[in-house]
Amino acid sequence: MLEQLPRPSDPRLLVGSDTADDAGVYKLNEETALIQTVDFFTPIVDDPYAFGQISAANSLSDVYAMGGTPLTALNIVGFHPKNFPLEVLGEILKGGYDKAAEAGALIVGGHTVQDEEMKYGLAVTGLVHPEKVITNAGAKPGDLLVLTKPLGTGIITTALKAGKKMGELEKEVIRVMSVLNKAACETMVAVGVHACTDITGFGLLGHACEMAAASKAALKLRISAVPFFPKTQELIKNGFVPGGTHTNQLYLKDKVRFGQGVSQEQATLLFDAQTSGGLLIAVAPEKADELLERLQSNGVEWRAVIGEVVESQPGTITVNS
Ligand code: CO
Ligand code: CO
Ligand code: CO
């Protein structure tokens, strides 16, 4: 997420901070534009290698959300050797390195500061053709909305941090957060879509609201179509809800309307702060089948049509059962 700053009046700036998009895009010439983004956060899982992989996948995702290809990345590290042995940092960096390699990107350097609270992430530079940038601002009434990962990573990692034993679900949530949005991105670029954003800290509804506002449209979601990790509703009932999810709920309460048949737990999941979530894609209805088929043949595990873009009060979302 970019800070809201005044937009520089330079025609080479294709995407700035004014539309709350995933990354900045700067045109170099008629063929090439640079994508730049940065993300880093504190550990969300115990395994340092897995944390490195997840954080790198999350940082790379903002390039994929713009329809781009990651090129290079810089490590950003907060670490204090009195709190953890250096091997822990080595494992985190190896996780990030391996994930960047999988993305076809090179980690070319970085910076470490002494920090009581460990942090890791990447500043990523990517490339995109200036006419093929996919922003969050292009959604049109009638478009279908496709989501490519299940929700609930905030709920589950909060329960894990509280010491709850999760067995196979822990492995599964780590695996899903580590999955790159590369195949989903390449597929949507090949098919041609109207808008995209990735689902991270503001939750599905936060990022969907940004897409709706930037696109000057409204969104209608069907809760029964939204994929969730198993056990998440039960965990919410037991109080495992991260602070960021509550913040999202407060911040968005005037922009989202829930119809009958949407439970409180389901609503909470839509607000849940995600780490390394999937892409939310707005696609013209006549291209939706092709997108879904090609996502499947390219190995994208989740391809849920969760709603549509409608002509209503811009920047708002209605959720029905
Ligand atoms: Co981001
Ligand atoms: Co962002
Ligand atoms: Co993003």
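All values below come from the heavy atoms of this structure, side chains included, with hydrogens, waters and symmetry mates left out.
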(request) Nearest 0.5 Å please: distance from the CG atom of Leu270 over to the CG atom of Leu151. (result) 6.5 Å

(request) Could you list all the salt bridge (Lys or Arg N to Asp or Glu O under 4.0 Å) pairs where at least one residue sits in residues 145-169, not counting sequence neighbours? (result) Glu168-Lys171

(message) If you count every heavy atom of other residues, nucleotides or ligands that lies below 6.0 Å from Phe41 atom CZ, does the total exceed 12?
(response) yes

(request) Only pairs at least two apart or in different chains count here, so list each side chain to side chain donor-acceptor pair (under 3.5 Å) that has a residue in residues 228-244. (result) none

(request) Give a yes or no on whether Phe258 atom CZ has more than 12 heavy-atom contacts from other residues, nucleotides or ligands under 6.0 Å away. (result) yes

(request) Could you point out which residue of Val262, Thr316, Thr318 forms a side chain to side chain contact (heavy atoms under 4.5 Å, CB included) with Arg257? (result) Thr318

(request) Just jot down the salt bridge (Lys or Arg N to Asp or Glu O under 4.0 Å) partners of Glu31, sequence neighbours excluded, or say none. (result) none

(message) Per the side chain to side chain donor-acceptor pair (under 3.5 Å) rule, what does the pair list look like for residues 274-288, sequence neighbours excluded?
(response) Thr153-Gln274, Asp272-Gln274

(message) Would you compute the distance between atom CD of Glu102 and atom OG of Ser178 and round it to the nearest 0.5 angstrom?
(response) 9.0 Å

(message) Can you confirm whether more than 12 heavy atoms, excluding those of Glu290, are under 6.0 Å from its CD atom?
(response) yes

(request) Could you check if a side-chain atom of Lys27 sits within less than 4.5 angstrom of a side-chain atom of Leu13, using non-hydrogen atoms only? (result) no

(request) Identify the heavy atoms of Ala214 and Asn136 that sit nearest to each other, and give their distance. (result) CB-OD1, 3.3 Å

(request) Mind checking the CE-CD spacing from Met66 to Gln36? Nearest 0.5 Å is all I need. (result) 12.0 Å

(request) Just grab all the side chain to side chain donor-acceptor pair (under 3.5 Å) pairs involving residues 121-133, residues at least two apart or on different chains. (result) none

(request) Indicate the atoms forming the closest heavy-atom contact of Ala304 with Pro227, along with that distance. (result) CB-CD, 3.7 Å

(request) Decide yes or no on side chain to side chain contact (heavy atoms under 4.5 Å, CB included) for Met166 and Leu235, but give the supporting numbers first. (result) CA-CA 11 Å; Met166 220 78 76; Leu235 291 169; 4.3 Å; yes

(message) Here's a test for you: under side chain to side chain contact (heavy atoms under 4.5 Å, CB included), which of Val189, Val15, Ile281 qualifies with Ile134?
(response) Val189

(request) Grab the two heavy atoms, one from Leu219 and one from Ala212, that are nearest each other, plus how far apart they are. (result) CG-CB, 3.9 Å

(request) Flag yes if more than 12 heavy atoms outside Phe40 fall under 6.0 Å of its CZ atom; otherwise flag no. (result) no

(message) Nearest 0.5 angstrom please: Leu280 CG to Ile306 CD1, how far?
(response) 5.5 Å

(message) Under 3.5 Å, is there a donor on one side chain and an acceptor on the other for Ser59 and Asp39?
(response) no

(message) On a heavy-atom basis, which atom in Phe202 and which in His207 lie closest, and how many Å separate them?
(response) N-NE2, 3.2 Å

(request) Could you walk me through whether Asp10 and Tyr26 pass side-chain hydrogen bond (donor to acceptor under 3.5 Å, both in side chains), step by step? (result) CA-CA 10 Å; Asp10 185 324; Tyr26 181 88; 4.7 Å; no

(request) Please examine the side chains of Thr148 and Asn181, heavy atoms only from C-beta on, and report whether any two atoms are closer than 4.5 Å. (result) yes

(message) Apply salt bridge (charged side-chain N to carboxylate O under 4.0 Å, His left out) to residues Arg175 and Glu170 and explain how you reach the verdict.
(response) CA-CA 9 Å; Arg175 185 185 73 79; Glu170 173 172 3; over 6 Å; no

(message) To the closest 0.5 Å, what do you measure between CZ (Phe51) and CE (Met118)?
(response) 7.5 Å

(request) Check whether any side-chain heavy atom of Ile317 sits under 4.5 Å from a side-chain heavy atom of Leu205, and report yes or no. (result) yes

(request) Indicate yes or no for a side-chain donor-acceptor contact from Ser215 to the backbone of Ala139 under 3.5 Å, with no hydrogens or angles considered. (result) yes

(message) Between Val241 and Leu204, is there shared hydrophobic-cluster membership here, with clusters defined by ILVMFWY side-chain heavy atoms closer than 4.5 Å?
(response) yes

(message) Return the CE to SG distance between Met211 and Cys196, rounded to the nearest 0.5 Å.
(response) 6.0 Å

(request) Could you pull out the closest heavy-atom pair between Pro130 and Asn29, with the gap in Å? (result) CG-O, 3.5 Å

Identify all side-chain donor-acceptor contacts of residues 72-81 below 3.5 Å with residues at least two apart in sequence or on another chain.
unit_1	atom_1	unit_2	atom_2	d
Asn75	OD1	Tyr120	OH	2.8
His80	ND1	Lys82	N	3.4
His80	NE2	Gln114	OE1	3.2

(request) Identify the heavy atoms of Asn248 and Gly203 that sit nearest to each other, and give their distance. (result) ND2-N, 3.7 Å

